[in-house]
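Right, one structure below, let's go through it.
Being a predicted model, the structure only gives us computed values, none of them experimental. Just follow the structure's listing: the first ligand is 1, and inside any ligand the first atom is 1.
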Amino acid sequence: MHPAPNFLYGTAWKEDRTAALTELALRVGFRGVDTANQRRHYHEAGVGEGLAAANRAGIATRADLFLQTKFTYQRGQDHRLPYDPSASLPTQVAQSLASSLEHLATDYVDSFVLHGPSSSYEWTGADAEVWEAMRKERDAGRTRLLGVSNVSLPHLEQMESAHSELPAFVQNRCFARMGWDREVRSFCNEHKITYQGFSLLTANPEVVQHPPLIALAAQMKATPAQLIFSFARAVGILPLTGTSSAEHMQQDLASLDLTLPPELVRAVETMAG
Ligand SMILES: NC(=O)c1ccc[n+]([C@@H]2O[C@H](COP(=O)([O-])OP(=O)(O)OC[C@H]3O[C@@H](n4cnc5c(N)ncnc54)[C@H](OP(=O)(O)O)[C@@H]3O)[C@@H](O)[C@H]2O)c1
């Protein structure tokens, strides 16, 4: 069983390159892999093929890995559904995870995430029903941990006030202009929830291209992307990267060895908002 990883390799939008890129990411050194049973954006079976190839090549076995997948409501899917849309939500959750385990050729994942609540405004009855079904999957041993994605502070506060079990992970797009999702991160800190941040580079061009940040990176003999990932970890964010480049994979992992002075961490945290 793998402990929580320090970086997650994201497998979205890779289509027929998914298997090769997943294998490459493991070869380069990633041990955490993020996917979803949402064929519209992910090719989960391709992730499974990549894991199998890495296993055969002696790079990593199942026990070395942290695998995370997601349940996606029909609204977020195309016609390639991993469940019967006429079944109840709890049945859809069970069918989706069973299909993920088949794709990944494993009998458990490390984290099972609700891809997004059914409403942007509130934690609905449907979400509560899905969450309860996800808890049952966890209790049956088909996932070690649970998470929620694309959530706001009100979603989390509503979960808390309804006395729902809180997630082990929150996975959000992290906008620098929102203080890098300051409010949600602070709720996560208070409740010992690990915050996973995605689109750290693509959502924040104003920071990545900010001349002072570029100059600082050069001074540290690092790239702006490395500085952002290193900053993320310094403020407690578990970063995702979806790079398709071997060189960027290496650079992203190498950012784990960079230590930023505290005043620089504070400066980046407030650079855009
Ligand atoms: N929960 C959700 O709703 C949700 C939504 C979106 C994404 N995700 C997850 O998050 C993962 C990552 O998505 P993302 O939006 O953060 O990234 P991404 O868009 O998949 O990739 C990052 C982009 O930045 C570029 N880049 C340039 N330098 C880089 C460097 N040093 N390291 C990394 N990228 C560099 C990459 O180009 P190169 O390929 O040329 O490096 C790529 O175009 C996804 O694969 C998915 O697993 C989850």
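When only non-hydrogen protein atoms are considered, atom 31 (N) of ligand 1 lies nearest to Asp252 OD1, 3.1 Å. Of the protein's heavy atoms, Phe198 CE1, 3.2 Å lies nearest to atom 5 (C) of ligand 1. The protein atom (non-hydrogen) at minimum distance from atom 13 (O) of ligand 1 is Trp13 CZ3, 3.9 Å. Here the heavy atom of the protein found nearest to atom 47 (O) of ligand 1 is Asp34 OD2, 2.6 Å. Protein heavy atom at the shortest distance from atom 22 (C) of ligand 1 is Thr202 CG2, 4.0 Å. With respect to atom 16 (O) of ligand 1, the closest heavy atom belonging to the protein is Ser199 N, 2.6 Å. The closest protein non-hydrogen atom to atom 37 (O) of ligand 1 is His248 ND1, 4.4 Å.
Below 4.0 Å from some heavy atom of His115 lie the following atoms of ligand 1, by number and element: 1 (N), 2 (C), 3 (O). The ligand atoms of ligand 1 that sit less than 4.0 angstrom from a heavy atom of Gly10 are 11 (C), 44 (C), 45 (O), 47 (O). The atoms of ligand 1 that sit less than 4.0 Å from any heavy atom of Gln171 are 1 (N), 2 (C), 4 (C), 48 (C).
With ring centers used as reference points, Phe7 lies under 6.0 Å from Phe30. Remark: aromatic rings of Phe66 and Phe169 are close, center separation under 6.0 Å.
Which of Phe229, Tyr9, Tyr42 comes nearest to atom 46 (C) of ligand 1 through a heavy atom is settled by distance: it is Tyr42. Of the candidates Leu200, Asn150, Leu240, Leu201, it is Asn150 that places a heavy atom closest to atom 3 (O) of ligand 1. The closest heavy-atom contact to atom 39 (O) of ligand 1, among the options Ala36, Pro224, Ser244, comes from Ser244. By heavy-atom distance, the residue among Gly76, Gly116, Gly242 lying nearest atom 21 (O) of ligand 1 is Gly242.
Interatomic distance, Arg182 CZ to Asn189 CG, rounded to the nearest 0.5 Å: 12.5 Å.
Counting heavy atoms of neighbouring residues, nucleotides and ligands inside a 6.0 Å radius, atom CD of Glu183 does not exceed 12 of them. Within a 6.0 Å radius of CE in Met178, other residues, nucleotides and ligands contribute 12 heavy atoms or fewer. Heavy atoms of other residues, nucleotides or ligands lying less than 6.0 angstrom from CD of Glu157 number more than 12.
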* To do: Could you please spell out the steps behind the side-chain contact (heavy atoms from CB on, under 4.5 Å) verdict for Met249 and Thr241?
  => CA-CA 8 Å; Met249 286 180 191; Thr241 175; over 6 Å; no
* To do: Let me see the working for Leu97 and Val93 under side-chain contact (heavy atoms from CB on, under 4.5 Å), right down to the final yes or no.
  => CA-CA 6 Å; Leu97 184 56; Val93 168; 5.7 Å; no
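Only the side chain of Ser149 comes within 4.0 Å of ligand 1, judged by heavy-atom distances. Within the 4.0 Å heavy-atom criterion, neither part of Thr223 lies near ligand 1. With a 4.0 Å heavy-atom cut-off, ligand 1 is reached by the side chain of Arg173 but not by its N, CA, C or O. Residue Thr243 touches ligand 1 through backbone and side chain together, judged by heavy-atom distances below 4.0 Å. With a 4.0 Å cut-off on non-hydrogen atoms, Ala225 touches ligand 1 through its side chain and not its backbone.
Distance screen at 4.0 Å: atom 43 (O) of ligand 1 has no protein heavy-atom neighbour inside the cut-off. Atom 25 (C) of ligand 1 is not flagged as protein-proximal [any protein heavy atom, distance under 4.0 Å]. The nearest protein heavy atom to atom 11 (C) of ligand 1 is closer than 4.0 Å.
Residue-to-ligand polar distances place Ala12 within reach of ligand 1: an N/O pair is separated by less than 3.5 Å.
Distance alone, capped at 3.5 Å, is enough to place a donor-acceptor pair between the Gln38 side chain and the Gly76 backbone.
Smallest separation of non-hydrogen atoms from Tyr195 and Asn172: OH-CB, 3.4 Å. Across Thr143 and Leu145, no two heavy atoms sit closer than the pair OG1-O, 2.8 Å. Summarising the geometry of Ile237 relative to Cys174, their closest heavy-atom pair is CD1-SG, 3.9 Å, with the distance given to 0.1 Å.
Between Glu23 and Arg17 there is no salt bridge, since no side-chain N of the basic residue sits under 4.0 Å from a carboxylate O of the acidic one.
Geometric assessment of Arg266 against the ring of Phe231 yields a negative cation-pi assignment under the 6.0 Å and 45° thresholds.
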